[in-house]
Colleague: 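Dumping the structure here so I can ask a few things about it.
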Amino acid sequence: MTVTSPITELKGVGPALAQKFALVGIKTIADLIDYYPRRYEDYSQLTGIADLEPGPVSIEAVIEEATGRYVRRGMHITEAIATDKTGSVRLVWFNQPYRAAALKSGQRYYISGNYELKQRRFSLQNPSVEMVSDLPANTARILAVYRETKGLTSRQIRAAIIQVLPLLKTLPESLPSELIKKQKLVSRAEALTALHMPESTKQLETARRRLGFEEVFQLSMASLLNKRENQSESALAIPFEEKLAKQFVGSLPFDLTDAQRRTIWQIYLDLQKSEPMNRLVEGDVGSGKTVVAAMAALMALAQGWQVAFMAPTELLARQHAETIYQLMKPMGREDSVGLLVGSLKNGQKEQARAAIAAGKIQFMIGTQALIQESVDMHKLALIVIDEQHRFGVDQRKTLMAKAGHMPHVLSLTATPIPRSLALTLYGELDVSILGDKPGGRKPIITEIASPNSRAQVYQHIDQELDSGRQMFVVCPLITDSTVLQLNSAEAVYKQLSTKDFKHRKVGLLHGKLKADQKQAIMEQFVRHELDILVSTTVIEVGVDVPNASIMMIESAERFGLAQLHQLRGRVGRSSDQGYCYLMMSDSKAPGRRLRALESSNDGFRLAELDLELRGPGAIYGTSQHGQLDLRIAKLTDIKLIAAARQAAQELLDSGQNLLQYEHLMTHVTRLRAVTNLN
Ligand code: ADP
Ligand code: MG
């Protein structure tokens with residue numbers, strides 16, 4: 001048997017069980033080893049029967065008189081007495097008629113189960129029983145509990161694992177040996193053995209430290225290699241023109257915040273180099289990232305070069321085009337701004353392409369499809385990516401092939417990534433943080449509302465609408481799902497437009513509408529021809545309608561913390577007081593997530609909290625990353641992360657041939673393709 005052997009080579013794994021294993025992705029022995037436990041149950045402590053206390057317990061005892069009988073129709077009970085030096089205890093099993101015959105009277109066993117009071121007597125209910133041995137699988141030890149599916153239990157997985165123990169113990173090492181020594185790590189073989197069959201909590205901790213270190217180390221290697229590769233490319237060095245920058249700042253209807261100034265300065269320093277910039281600007285919703293991006297673009301435009309601005313949706317691309325047009329107007333550069341999106345008519349597209357080729361349009365705004373467009377991009381100096389996590393190595397290479405050089409890349413995100421995480425995941429990026437918000441904004445008032453306070457909420461909303469404000473309503477689904485019974489956008493639209501707010505103008509927007517329909521509805525809302533816009537999460541990112549001051553989220557408990565914070569950021573974008581109502585589907589007590597939102601407007605704090613709530617590895621706001629989620633390492637374990645990152649840097653700096661670490665490089669290569677935002 002080797003790691004590539006199919007799981008059916010194990011004893012007791014026939015075709016039927018193999019199918020169950022396949023359901024959780026286990027086909028080979030390697031897959032089985034890679035199937036990490038979700039949690040553990042500690043049955044390692046043996047207790048004398050006289051000292052038993054209610055709860056999970058383990059004993060070593062002799063079993064006497066196991067008997068089975070049917071008590072009612074279809075209900076079977078097996079009972080036995082277990083005895084050790086200190087006393088006796090009753091064991092009870094329900095509907096396991098084979099039990100009695102399987103237990104030998106007078107034999108010594110390990111017995112683990114829950115000691116509880118049932119019908120006024122203490123007993124062990126449905127305990128696990130194994131002959132006393134050096135290697136019990138299900139009793140008298142720390143038990144690994146796995147993600148189960150119907151017909152595949154942790155017990156069965158443990159039975160499989162126990163057979164691969166000899167193989168586990170001889171697994172080859174995957175980290176450089178100096179690193180193992182220096183970091184005082186246990187070997188991979190030891191770590192994986194202990195992960196599945198720990199002998200003590202301490203051993204388990206040591207194993208987890210080793211595996212967590214390795215995860216972060218690999219991730220860091222991937223991002224550092226990407227960074228190094230990017231630095232070896234060349235970009236157009238964009239000169240800084242002070243007069244132009246001053247003129248732009250002077251043309252704005254507001255003063256830049258300190259964070260905006262700092263950030264734009266960092267960007268200008270980067271752009272002047274022929275080494276490609278790869279910078280991420282992290283700023284909470286409403287922190288004013290668009291202006292920063294426009295100001296960066298300005299310098300490239302002044303050289304007669306091109307800038308591409310990519311938004312996640314057409315809707316946003318159109319909005320950005322409008323915003324940027326207005327920003328460029330006082331500079332006399334509005335004619336160089338052009339929109340290129342999929343829904344344009346062919347004629348319009350041709351026109352745009354021709355204008356780009358002729359150098360008339362220099363500032364192209366579109367969705368990510370922009371890089372696929374057959375437009376002349378040979379002078380592309382800078383690309384700005386708004387809220388896109390999937391802009392990776394491949395896309396950058398596509399652009400480089402088109403332009404003949406690597407463009408500078410500026411990524412904007414409202415996902416406030418905690419520092420520990422940014423270092424690991426986005427180590428190849430330089431990060432600027434827009435930590436302060438433009439002044440004059442009041443914190444958004446957030447309220448959790450149960451179904452029976454709806455009328456009261458509506459009353460307040462109507463007052464706000466009366467004073468000329470507008471409202472977003474966000475629903476988790478487009479149409480009604482009888483299974484989930486959620487408030488769909490269509491149902492809510494009907495309810496509000498024909499009943500609760502029939503005296504107001506209500507619109508409906510969702511992802512299934514055609515691009516021009518969406519655009520038309522959005523424009524109506526922007527022009528205040530609609531008071532209320534009911535939608536799905538299509539409006540999640542970027543939409544900027546300062547007059548909209550109310551956000552109402554239906555079935556709020558269905559959304560993630562990051563998403564709710566994003567949605568809330570659609571309001572409170574002017575000096576008017578913003579409100580966010582988190583409408584619950586039922587009258588249950590709200591969970592910690594909703595309560596956190598109610599008490600905090602700070603995206604960074606919420607991000608930290610989200611990490612805590614979701615446990616190790618769940619990477620905030622990056623559900624689409626999947627492959628990137630860490631399985632062992634906690635992102636809050638700053639010390640481990642720092643050590644692993646530094647070790648990765650040192651290995652790269654050592655100039656060693658990395659190909660000698662085959663296992664490591666296989667993983668790193670895969671990660672290089674999926675680390676995003678780079
Ligand atoms: P986001 O960071 O969420 O993309 P935007 O760039 O859309 O934010 O900016 C939000 C709003 O704040 C816009 O209406 C913008 O004009 C305005 N804004 C940007 N910077 C400032 C500032 N320094 N002072 C006041 N308002 C600002
Ligand atoms: Mg934005």
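Note that ligands are numbered from 1 as they come in the structure, with each ligand's atoms numbered from 1 the same way.
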Colleague: For the backbone of Ser220 and the side chain of Ser223, can you confirm whether one donor and one acceptor N or O come within less than 3.5 Å of each other?
Modeller: yes
Colleague: Counting each atom of ligand 1 from 1 as listed, which ones have a heavy atom of Thr290 under 4.0 Å away?
Modeller: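 Going through ligand 1 atom by atom, the ones under 4.0 Å from Thr290 are 4 (O), 5 (P), 6 (O), 7 (O).
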Colleague: Relative to atom 9 (O) of ligand 1, which among Ala259, Gly283, Gly288 owns the nearest non-hydrogen atom?
Modeller: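 Shortest heavy-atom distance from atom 9 (O) of ligand 1: Gly288.
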Colleague: Does this structure show an ion pair linking Glu275 with Lys273, if we count only N-O contacts that are shorter than 4.0 Å?
Modeller: no
Colleague: Does only the side chain of Leu256 get under 4.0 Å from ligand 1, or the backbone, or both, or neither? Count heavy atoms.
Modeller: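 The backbone, only.
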Colleague: Calculate, to the nearest 0.5 Å, the distance between atoms CG and CD belonging to Leu252 and Gln260 respectively.
Modeller: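 Going from CG on Leu252 over to CD on Gln260, the span is 8.5 Å.
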Colleague: For Asp255, which part has a heavy atom under 4.0 Å from ligand 1: side chain, backbone, both, or neither?
Modeller: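 Within the 4.0 Å criterion, Asp255 contacts ligand 1 through backbone atoms alone.
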Colleague: Nearest 0.5 Å, please: how far is SG in Cys580 from CD1 in Ile553?
Modeller: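 Reported value, rounded in 0.5 Å steps: 4.5 Å.
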Colleague: Just which atoms of ligand 1 are under 4.0 Å from any heavy atom in Thr257?
Modeller: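 Taking each heavy atom of Thr257 in turn, ligand 1 has 23 (N) under 4.0 Å.
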Colleague: Hey, which of Gln348, Lys349, Arg318 is the one that makes side chain to side chain donor-acceptor pair (under 3.5 Å) with Ser343?
Modeller: Arg318
Colleague: For atom 7 (O) of ligand 1, which of Gln326, Arg261, Glu282, Arg573 has the closest heavy atom?
Modeller: Arg573
